[in-house]
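Nothing fancy with the numbering, it's 1 onward along the sequence. No hydrogens, no waters, no symmetry mates; every other heavy atom, side chains included, goes into these values.
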Amino acid sequence: MSTFRSIVFSSVIAGFIVGVIVTVAQQFGTVPLILKAEVYEKAAATHQHDAAAPQAATAGHDHAAHSHADHDHGAEAWEPRDGLERNTYTAAANVLAAIGFALLLAGFFAVRSGATGEGITWHEGLMWGLAGFAVFTIAPGLGLPPDLPGVPAAPLLSRQIWWLVAVLSTAAGLGLIVFRRSVPAAIAGVILLALPHLIGAPELEHIETNVPSSLSHQFVVAVTLTSLVFWSLLGAVTSAVFARLDDVPRQTP
């Protein structure tokens, strides 16, 4: 029960700290790029609407087109307003995501400490965090880099399936290489690491967007760096807090 309490408390504390820090980092990195992309996205939508209006009028469907546009507008998904409301929801999402991943890390720390009888250090936590960065960011990002608003992408379901395959395959491959430490395991691990990329991520044959490619490149870099900060801090902070809260006697590493 003591270990379970340490897992939960360390995850909540670390998740809150890391979630807040990453939210602040996003305000200077990814958020400005998203806002710029949304300007291009709205401009493209306005252009398409203006181009479609004369065609509808020529066909004698002014009223029908207007009614359809009103229906689409009313059916739009809700989204938070820019400013404080949007930032609050972003911070809440970051904190919840950080707590969820911290629970996963703390569970690994508890299993590792129980198996070896040694306490966890923040250095080890940092390495686990970097492993999480490789599994959840680098591996899927090689095939499906993060996209800005207004940039077309392959169907969502196919992207989700490939993302899940990439994450599970990378995690299994790293696990075989690091923990089994044998030639056959290392070969199997390398094969698993390469497997999703040999299959290939789903992508569109032709992409039309008015979002500048330079903006998309900046966004990929910003997201990757932010994720690196997220996972590095999450691993180090979660391990440090867990080691402090876990009062089960351990050997000094």
Side-chain angles (χ1 to χ4, degrees), residues 1-26 30 87-141 146 160-161 163-181 185 189 192-193 196 223-253:
M1 188 64 184
S2 175
T3 300
F4 177 76
R5 184 175 64 249
S6 299
I7 291 174
V8 174
F9 284 176
S10 62
S11 300
V12 172
I13 293 172
F16 180 80
I17 293 173
V18 174
V20 171
I21 292 175
V22 168
T23 300
V24 174
Q26 288 176 336
T30 58
N87 293 336
T88 300
Y89 278 101
T90 299
N94 287 337
V95 169
L96 289 175
I99 292 175
F101 284 120
L103 283 169
L104 188 63
L105 288 172
F108 285 136
F109 298 157
V111 171
R112 185 263 184 201
S113 297
T116 63
E118 299 178 350
I120 193 76
T121 66
W122 72 267
H123 303 88
E124 293 175 274
L126 175 61
M127 297 306 297
W128 278 91
L130 292 176
F133 173 68
V135 169
F136 291 99
T137 301
I138 296 298
Q160 289 176 329
I161 293 174
W163 185 92
L164 183 60
V165 169
V167 167
L168 294 178
S169 181
T170 303
L174 289 177
L176 287 174
I177 294 173
V178 173
F179 296 112
R180 297 304 296 269
R181 297 183 180 180
L192 285 173
L193 291 176
V223 169
T224 303
L225 292 178
T226 302
S227 181
L228 176 60
V229 171
F230 174 88
W231 281 106
S232 299
L233 286 177
L234 194 67
V237 175
T238 303
S239 59
V241 178
F242 176 81
R244 188 171 185 82
L245 294 179
D246 190 19
D247 55 5
V248 177
R250 308 288 185 193
Q251 300 176 10
T252 302

Which value, rounded to the nearest 0.5 Å, describes the distance between Ser113 atom OG and Ile120 atom CD1? 5.5 Å

Heavy atoms only: give me the nearest Val167-Pro140 pair and the separation to one decimal. CG2-CG, 4.4 Å

Identify the heavy atoms of Thr23 and Thr90 that sit nearest to each other, and give their distance. OG1-O, 4.3 Å

Answer with yes or no whether the side chains of Thr121 and Glu124 bring together a donor and an acceptor at under 3.5 Å. yes

Measure the acute angle between the ring planes of Phe136 and Trp163, then classify it against the limits of 30° and 60° as parallel, tilted or perpendicular. tilted

Any idea which heavy atoms bring Gly19 and Ala98 closest together, and the distance? N-CB, 4.1 Å

N/O donor to acceptor pairs below 3.5 angstrom from side-chain atoms of residues 228-239, sequence neighbours left out:
residue	atom	partner	partner atom	Å
Ser232	OG	Leu228	O	2.8
Thr238	OG1	Leu234	O	2.6
Ser239	OG	Gly235	O	2.9
Ser239	OG	Ala236	O	2.8

Distance (rounded to the nearest 0.5 Å) between Phe16 CZ and Ile21 CD1: 10.5 Å

Once rounded to the nearest 0.5 Å, what's the spacing between atom CG of Leu105 and atom CZ of Arg112? 14.0 Å

Taken to the nearest 0.5 Å, the spacing of Ser6 OG from Leu245 CG works out to 5.5 Å

Restricting to non-hydrogen atoms, name the atom on Ile177 and the atom on Leu193 that form the minimum distance, rounded to 0.1 Å. CD1-CD1, 3.9 Å

Looking at Ala139 and Thr170, what are the two nearest heavy atoms and their distance? CB-OG1, 3.1 Å

Closest non-hydrogen contact found for Thr3 with Phe242 is O-CE1, 4.4 Å

